[in-house]
Number of protein chains: 2
Amino acid sequence: MRILLVEDEMNMAAALTAALSRHDIVVDHARTLEIAEEACRSGVHDAVLLDRKLPDGDGLSLIPVLRREQAGLPIIVLSALGSPDHRVAGLDHGADDYLAKPFSTDELLARLRAVMRRPAQIGESMVNVGQLRFNLTERQADVAGEPLDLTRRELLALEILVRRAGRTVPRSALEEAVYGYDDEIASNSLDAHISRLRRKLSTAGVEIHAIRGLGYLLRTAS
Amino acid sequence: MRILLVEDEMNMAAALTAALSRHDIVVDHARTLEIAEEACRSGVHDAVLLDRKLPDGDGLSLIPVLRREQAGLPIIVLSALGSPDHRVAGLDHGADDYLAKPFSTDELLARLRAVMRRPAQIGESMVNVGQLRFNLTERQADVAGEPLDLTRRELLALEILVRRAGRTVPRSALEEAVYGYDDEIASNSLDAHISRLRRKLSTAGVEIHAIRGLGYLLRTAS
DNA sequence: CGACAGACATTGCGGCTGCATTGCGCGGCG
DNA sequence: CGCCGCGCAATGCAGCCGCAATGTCTGTCG
């Protein structure tokens, strides 16, 4: 892990660098806002520790700059200004955490770990078939980025077809997915839904094949 | 915004609920770990406030459970156990932040905002859709610089629609965001709010689309 | 090889469900 | 005491969906 420490007081900086180094954290040290801005441009840092009182201004003013350059880069403010008001100000300027001096090194490390843990992206299960992209969690279908306007029954049918793309889906399975168990169906309305689905998928590069006597099968257009 | 408060002390819970409600945050209250676990399963919460001393165990033990159920759900621990050691323990158990009692309500709100910014932090806590600009931290909506005059319910509805712009928001999710669990709704008043929202957004270049049988969808006007 | 039957495709229609809109009255807050 | 937000209900409306009629295709049997 490599962090950028923005701090003008040399004793403080040295002590922090030593403490963090003992935990195998690489520390780059910047004494001014200007140097810090320059340093962060390299994009090698995993987090920023930011002092407030700096020779060329309040550290908080750096936060919007960092956010623009390196969106998502965790920022922890370290400051002797520790009143609730000061903390609120720091957090509302966009900091991820605010730690008042003096603090324990262990707590700093823990807060660093906490802030670094941030999940990259909650796994959204997406299925791609041809130009068709189906988001299983959101229950939404796109064709080349354009959202498809599907009705509820069409969505339910497409979902199960997509989940088993390339394999034949028995007609009975489709009926159970689209209607309930209870909801009896006494016509060919499932076929009707498939028909309308096909039209809406005409530009999606996929085909819904009918497997006579068995069911349907979704696959990329040949 | 809707949060889950896990706290057994009723005075504390009532005070917090009142304070947060004043900032238009919907609070669901759980007195025990068991109830909390059950409540979080609904997946409607944006964050969790977690006490440590609870009738059925240490609140920290809930964190792994929440992480498994709802990865990415921000968790802030609130505890009278405020020593650095305690904080480190809390953070290393997976909490996103640790606030020692007593704390100022303003700081809690600021830390909530900080922790909520995270997922959407790519870019800013400002969402633009069409001419509509929604400030998630300030909770304010502008159309071409002109601030929109929205009521509380309208704001809550618009917030969740904006947070998930371009994706269908289930009707149930909207109801839970705008009203609480307990607040039963026995009419189409949600529809009424949507209707009035639409009127106020008429010049915003966005549309609130109704997805029949599913919910609503906000997107730029075609 | 032709004819028929069964299965799927497509499309129009009507009913019904669920959404849109508006007005009213209550209750809370100033 | 007046205002405003909100829940509620009534009315109007649109679109989804079930249904059936008709067309197409395929596989089978005489």
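Quick note on labels: first sequence line is chain A, next is B, and so on, each numbered from 1. For clarity, every value in this text was computed on a predicted model and none was experimentally measured.
- Comparing A:S187 and A:D149 by the nucleotide of DNA chain D that holds the closest heavy atom to each, the one mapping nearer the 5' end is A:D149.
- At a threshold of 4.0 Å, the pair B:D46-B:R2 does not count as salt-bridged, since none of the basic side-chain nitrogens sits closer than that to a carboxylate oxygen.
- Taking atom CZ of A:R212 as the reference point, atom C1' of D:dT28 lies 11 Å away to the nearest angstrom.
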The contact string for nucleotides 9-14 of chain C, one letter per nucleotide 5' to 3', using protein heavy atoms under 4.0 Å with B, S and - for base, sugar-phosphate only and none, comes out as BBBB--

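- In this structure, CD on B:E159 lies 5.0 Å from CZ on B:R163, to the nearest 0.5 angstrom.
- Rounded to whole Å, the distance from CZ on A:R152 to P on C:dT17 is 13 Å.
- Rounded to an integer number of Å, the gap from A:E207 CD to C:dC8 P is 18 Å.
- The interatomic distance linking B:L156 (CG) with D:dG5 (P) rounds to 14 Å, in whole Å.
- Residue A:Y179 places at least one side-chain N or O under 4.0 Å from the OP1 or OP2 atom of D:dG18.
- With rounding to whole Å, A:L190 atom CG is found 13 Å from C:dA7 atom C1'.
- To the nearest angstrom, P of C:dA7 lies 13 Å from CD of A:E175.
- Between B:R171 and B:D191, at least one side-chain N (NZ, or NE/NH1/NH2) sits under 4.0 Å from a carboxylate O, which counts as a salt bridge.
- Residues satisfying the side chain to side chain donor-acceptor pair (under 3.5 Å) test with B:D58, not counting sequence neighbours, are B:R52.
- Only one option out of B:V26, B:L5, B:L49 pairs with B:L20 in a side chain to side chain contact (heavy atoms under 4.5 Å, CB included); it is B:L49.
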Could you go through the side-chain contact (heavy atoms from CB on, under 4.5 Å) check for B:V129 and B:F134 one step at a time? CA-CA 8 Å; B:V129 187; B:F134 196 98; over 6 Å; no

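- The distance between atom CD of A:E154 and atom P of D:dC17, rounded to the nearest whole Å, is 7 Å.
- Distance A:L197 CG to D:dC16 P: 13 Å, rounded to the nearest Å.
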